[in-house]
Structure formats: C-alpha cells, structure tokens
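Have a look at the structure below before the remarks.
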Amino acid sequence: MIRLTDQPIVIDDLLKAVANPAAGAIVLFIGTTRDHNQGRRVERLEYEAYAGMAGKEIDAIAAEAASRWPIAAVAIVHRTGVVPIGMASVAIAVSAAHRAAAFEAARFTIDRLKETVPIWKKEFFEGGAIWIGDQCGREGGFVDPALAPGEPGTKG
Amino acid sequence: MIRLTDQPIVIDDLLKAVANPAAGAIVLFIGTTRDHNQGRRVERLEYEAYAGMAGKEIDAIAAEAASRWPIAAVAIVHRTGVVPIGMASVAIAVSAAHRAAAFEAARFTIDRLKETVPIWKKEFFEGGAIWIGDQCGREGGFVDPALAPGEPGTKG
Amino acid sequence: MKVRVLLFASLRERAGRSRFEVEVEADCRVEGLLRQLENDMPFLREVGRFAVAVNEDYAGPERPLRENDEIALIPPVSGG
Amino acid sequence: MKVRVLLFASLRERAGRSRFEVEVEADCRVEGLLRQLENDMPFLREVGRFAVAVNEDYAGPERPLRENDEIALIPPVSGG
C-alpha cells in the first residue's frame, strides 16, 4: 500500500487494504483540514515530506502497532502538497478480530505518526502563513513575518 | 440519516454525513462479520431489530455522545437481515475538531450500542445456529439444539 | 383491557410468533403481564433474563400498563 | 569527504535551498557538521531545536559521518 500521495486520499482503498474475513472490527481515522486554528481563519494546509524517510517511519509504526496489538492489518496514507479545507491529509485503517485492539492501535498509530514521521504542515491563514511545530519549542524558533502568535496543531 | 437498513451499508454516506469544515478528525468504526467465533466456523450472521425502539435508542446514544464530548457530528447505521462474512453490520462515524474526542465518542457509541439497542444477531455456523447474547446470562437461557457451548460476541 | 406483546429473536422463535394481543386487568403492571404470559409460555420462566420495553422504552416491573400499550420482551441484545 | 545536506519546511525556506553538498573532515560527526553549517547559516543557532537524520534514520550528535551520507535537518514534525 502506498504511504505518501500528492493526490486526494481514497478512503475505500484503505478499507479494502485492511479487509479480512477474520476481522470483526475496522477503525478508520481521517485527519482533515480544519477551517480554524488558534483563532486564525485557516485557508489551506500545505504538507511537505522527507519522502524516503517518511515512508520508512510509517512502515516502522505499522510494524510496531502490529507487534503491540492483535490486529489483522493496518494501512496508512499521508497526503502531501496542498490539502484544502475539509479534505483528508492522513488516513489510517486498522482491522482486528475485536474492536478494542482496532481502536487502540489506530489511536497509537496517529499519535506516533505525529511524533516521528518527517512531514511538516504549513498553515495558510488570513494574513499570513506559519510552519506548524516550530512554535512549540521552548527555544522559540522562527516564523514567517506576517503571523499571529502560533500554537501547534491545525489538525485533529 | 437512516439508522437501520436491510441493504449493504455505504461507508461513504456516513463520512459525508459527518463532514464538517470545523472538524480536524473523523473516526469511523465498522463492525464486520467474522468467519470464526469461539472456535466455530461462522457462515453468516443474521440480525433482527425492534425497529422503532432501535432507532430511538440509537438517537439517544448519538445525543449522549454529543453531550459528553465536543464533537461536530455522529452518524450511526446498523444493518438488519443476513450479513455475509466480511460485510459491515454496523458503522459509526464521528467528526470532531480534535481526534481525542472523536476516538472516545466513537468507542463510547459502539460500546453503548451493544448494550442497549434492541438488535439481535443469530450466528449460523457449521452444524448449527445460535442467538448471540442468550448464553451470557448467569441464569443460562436457551439455545438451538445443534449448538456448541456458546459465548457472547461474534463481532469486534 | 388489551395490550400488544412483541417477541424477538430467541423468544420469538421459541414462541413461534412475533406479536399478539392479550387481555389484562385494568390495573395490570409489567410484572403481572409477565406472570400471565408465563402460563401460556412456560419457557419464559426458564429464560430468566430478558428486559421489557413499554411503548419502545425500557420499563421496570412496576410500570403500570394502559390500553393498547406495546410491550416488548427483549432478550439480551447482541447488535453491533 | 563530501556529504549531502537536506533541509525541510521552515529550515528550507529560511536557507533558500533544499539540498546541497558540503565538504567535511574525514572524522566528522553530526555535531561537527552542524557547527560547520552554522557558519554559513547562523539562523540555525537561533532555531535551536531540530532533529537530524543520517541516511533516513534519526541520529544523535555523536554519529560519525561517511562519504556521501545524506544528512537531513528535521524541524519539529507536524504531519497528520
């Protein structure tokens, strides 16, 4: 299954990828672009990836999820480039015999993905743009000139 | 949004039902028919509902989820009649600004649905059939003649 | 007065019917109806464990019944 | 020896370039490369907080470099 795409994510492809007659539960997580963040009116997000490494890190997370929970399959796709409001930037599907494992593994996968996978989002809002993540460091970091005081996270 | 259907569940309809520009996260749960349960080879499940009350109970769960978590929308569909192996019997979609609420509300919704909504599944397996749920009561309950010792749950 | 009784799943199969009407006393409560039904369907005693809904809401044994109420016997649910 | 440096996101924009080669000592480690890069890109000092990957794996400051290694400067990730 592909890990990165610059095209709209096709949810049905993920569901098919994890379909399994031994599975009684599928949990799907979709991260979508919100129209607001920290009081800013968001116009779009733009994602940049270190493609080779991102693919490897995503594979590693999938492997870790499979080692920690009794799941049947996991599929992970992240979109790069511009992601308009309401569209999916990331989708994760997990199938398992029982729902507890599917829920927990899906939650783990998106949490870990946000921590380790080298992908960055730039938020374009009314009046400026900001790279999300730079601002949460204690040491400050830098931002584009036009922007409001930033906090992490434009996404679910 | 419809609550009960005797047709295959269309996942895309649920995703559309909860789509919201203010949402950064969608969590979807799908319960599918497993090919095995408690060592029995399952051939299919058949669901029966007390339709009027089931719809009301599903609405009540959706309302409770919305009151307990800051979610944008929730959609719930349960299929009735025969559900073949690998097909969805129930699907729940929740959208929210942030993923924690979406995950928790989705988990709550399926857990509660399994406790309160008057829907029953009959498991048809190699050599017999059994109404799931009857066997988990301390007082016993009854089962079809042909069956193996039963435990609750053919589903995730 | 008349009330309507609905049976589902295992209870429906065991009884061989899914709905019927029954004549009860005017001051009948849920528990009284159940005792009356057990005469006709003694297996209800063995089953031991089912919930009751009156007009599509779960109801306890003390719930008074009214003319034309719809009473459903609800075996352990197993949706999902 | 030569190594390749990749910059992403805010670092890429700030530097105005996304990849370049740099000549380093044969016994150079990650921390040595970073000090060398800071001469050319003093803003790396202000930034203060980024991870480093060598050949697509996260690496610490002591990691020795080899000819043709690909070193990526990784600002706080924000995928998802």
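Please read all numbers here as calculations on a predicted model, not as lab measurements. Numbered from 1 within each chain, the chains take letters A, B, ... in sequence-line order.
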* Looking only at heavy atoms, which two atoms of Ala22(A) and His36(B) are closest? And how far apart? -> O-CE1, 3.4 Å
* Asked: Quick one: what part of Ala19(B) sits under 4.5 Å from any heavy atom of chain A, side chain, backbone, both or neither?
  -> neither
* So which part of Ala91(A) gets closer than 4.5 Å to some heavy atom of chain B, the side chain, the backbone, both or neither? -> neither
* **chain B interface, residue from Ile85(A), Ile11(A), Ile110(A), Ile30(A) that has the most non-hydrogen pairs under 4.5 Å** => Ile30(A)
* Asked: Counting only N and O atoms by type, is there a donor-acceptor contact under 3.5 Å from the side chain of Thr33(A) to the main-chain atoms of Gly24(B)?
  -> no
* Nearest heavy-atom pair of Ala100(B) and Arg107(A): which atoms, and what distance? -> CB-NH2, 3.8 Å
* Asked: When only pairs under 4.5 Å are counted, which of Asp12(A), Asp111(A), Val94(A), Ile92(A) shares the most heavy-atom pairs with chain B?
  -> Asp111(A)
* Backbone N or O of Ile26(A) within a donor-acceptor pair of the Thr32(B) side chain at under 3.5 Å? -> no
* To do: Could you look at Ala106(B) and say if it's the side chain, the backbone, both or neither that has a heavy atom under 4.5 Å from chain A?
  => both
* Asked: Relative to each other, are the rings of Phe103(A) and Phe103(B) parallel, tilted or perpendicular (30° and 60° limits)?
  -> perpendicular
* Please list, chain by chain and in numerical order, all residues satisfying side chain to side chain donor-acceptor pair (under 3.5 Å) with Glu48(B), sequence neighbours excluded. => Arg12(C)
